[in-house]
There are 2 protein chains.
Amino acid sequence: MDLDFIGGEVQEGKQELRLWLKLLATTKLISQELRRRLRSEFGATLPQFDLLAQLYREPDGLRLGELSKRTMVTNGNVTGLVERLETDGLIRRVTSGADRRVTVARLTDEGRAFFGRMADAHEGWIRDLMSDVDPSTIRTLLEDADTLKQSARTHLSGPEEG
Amino acid sequence: MDLDFIGGEVQEGKQELRLWLKLLATTKLISQELRRRLRSEFGATLPQFDLLAQLYREPDGLRLGELSKRTMVTNGNVTGLVERLETDGLIRRVTSGADRRVTVARLTDEGRAFFGRMADAHEGWIRDLMSDVDPSTIRTLLEDADTLKQSARTHLSGPEEG
DNA sequence: TATTGTTATACTCTATAACTATA
DNA sequence: TATAGTTATAGAGTATAACAATA
């Protein structure tokens, strides 16, 4: 509320805003490119890719609620996403024996193979898009982005657990 | 293409992917929070906020094509966005006298006042969400994110100019 | 009563392409 | 012919809330 200047140059409070706008523009640029390629080469969307990636790491599958948390997609919308992927034969839903309210989704063999191919291509695209950024900057960004994420998570308004 | 190890620890090629996933998760987390607050407190969406921000900086307004480039929204979709905002009385479209194909959008007085309030709140939310990140990290992130953006822009597949 | 997942709804965004009018 | 913007359309994502089955 008092003075916001450092060396008379920049308003400190504005730096956060500038950073956010930059981050938003950057991820939007990259996201659009990846979306375009995912669609044209694999007929997939980014949320679908994200959901499959979560299942790829979990051979035993995940409960839909857990999938919802990890992908940051609401329960209701996860149902829709999962349905489309199941229709495509990439994943399968199984009702748990222990607690019959619980549904577990897991990749089918076809889904696993398909995601493997897609993830390889995706990784190449990312590497290509970042090819002018040197490794030390990549590492720094990774760390700093993590710090940022933690900070944001701490200051969410909703009843998040973290 | 040869060896991908640094100190035997991490595959270098994977770091880019890790960074991307982290960035995506972070911006998604923050975006969702901002979207929630923009909607509940101002009845606005993020793309609308972005579009208004562009016009806020340009008192003389912007041609729709230019607005489309800056917001990274296609021409056709800019029309829809602009129409909603015009209906709300926040912006106005004027056909250029010189070249009658050209339409210029600019903020109304009401739109300017409204965006001013919204931007203030928005800036506060950002500052709050980033409050655990120290200023030097903010600056580093800003620079590195810019490097990343430039790299991505250079390696887009489409016929982009930059 | 609380939890898990589904259904329903309304709105917005996204992508593509065909179209109109100007130039 | 090329450009600026509009219209049309289809498909997904997003948010909210009500609901059914199960615990």
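Excluded from the calculations below are hydrogen atoms, water molecules and symmetry mates; all remaining heavy atoms, backbone and side chain alike, are included. Computed from a predicted model, the values in this text were never measured in an experiment. Just so it is clear: chains get the letters A, B, ... in the order the sequence lines come, proteins before strands, and each one is counted from 1.
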Task: Salt-bridge present (A:Arg36, A:Glu33; N to O < 4.0 Å) - done: yes
TODO: Would you tell me whether B:Thr147 and B:Asp144 have side-chain atoms, one donor and one acceptor, within less than 3.5 Å of each other?
DONE: no
Open item on the list: Whole angstroms only, please: what is the CZ-P distance between B:Phe42 and C:dT12?
Closed with: 18 Å
Open item on the list: Pair A:Gln150, A:Asp146 - check side chain to side chain contact (heavy atoms under 4.5 Å, CB included), show working.
Closed with: CA-CA 6 Å; A:Gln150 295 309 324; A:Asp146 197 61; 4.0 Å; yes
Task: Cation over ring face, A:Arg117 and A:Phe42, 6.0 Å, 45° - done: no
Task: Base-contact (B) and sugar-phosphate-only (S) positions in nucleotides 6-17 of chain D, heavy-atom cut-off under 4.0 Å, - elsewhere - done: BB----SSBBB-
What's touching nucleotides 18-21 of chain C from the protein side, N or O pairs under 3.5 Å?
none

Task: Donor-acceptor pair, side chain of B:Lys28 and main chain of B:Leu23, under 3.5 angstrom - done: no
TODO: Please state how far atom CG in B:Asp50 lies from atom P in C:dC13, giving the value in whole angstrom units.
DONE: 11 Å
Task: Electrostatic pair B:Glu123:A:Lys14 at N-O distance under 4.0 angstrom - done: yes
- [ ] Give, for atom CZ of A:Phe114 and atom CD1 of A:Ile91, the distance between the pair rounded to the nearest 0.5 Å.
- [x] 12.5 Å
Task: B:Arg93 bridged to B:Glu86 by N-O distance under 4.0 Å - done: yes
Open item on the list: Distance check needed: C:dT3 C1' versus A:Glu66 CD, whole Å only.
Closed with: 15 Å
- [ ] Can you sort out which residues in residues 51-58 of chain A have a heavy atom within less than 4.0 Å of DNA chain C? Ascending by number, please.
- [x] none
TODO: Using whole Å, report how far CG of A:Leu34 lies from P of C:dT14.
DONE: 15 Å
TODO: Quick one: do B:Thr137 and B:Asp134 satisfy side-chain hydrogen bond (donor to acceptor under 3.5 Å, both in side chains)? Show the steps, please.
DONE: CA-CA 5 Å; B:Thr137 302; B:Asp134 65 89; 3.0 Å; yes
Task: Nearest-angstrom distance from the residue atom CG of A:Leu67 to P of C:dT4 - done: 14 Å
Open item on the list: Please determine whether side chain to side chain contact (heavy atoms under 4.5 Å, CB included) holds for the pair A:Asp132 and B:Thr154, giving the CA-CA distance in whole Å, both sets of side-chain angles, and the decisive distance to 0.1 Å.
Closed with: CA-CA 9 Å; A:Asp132 294 345; B:Thr154 306; 4.0 Å; yes
Open item on the list: Under a 3.5 Å threshold, yes or no: a donor from one side chain and an acceptor from the other, between B:Ser68 and B:Asn75?
Closed with: yes
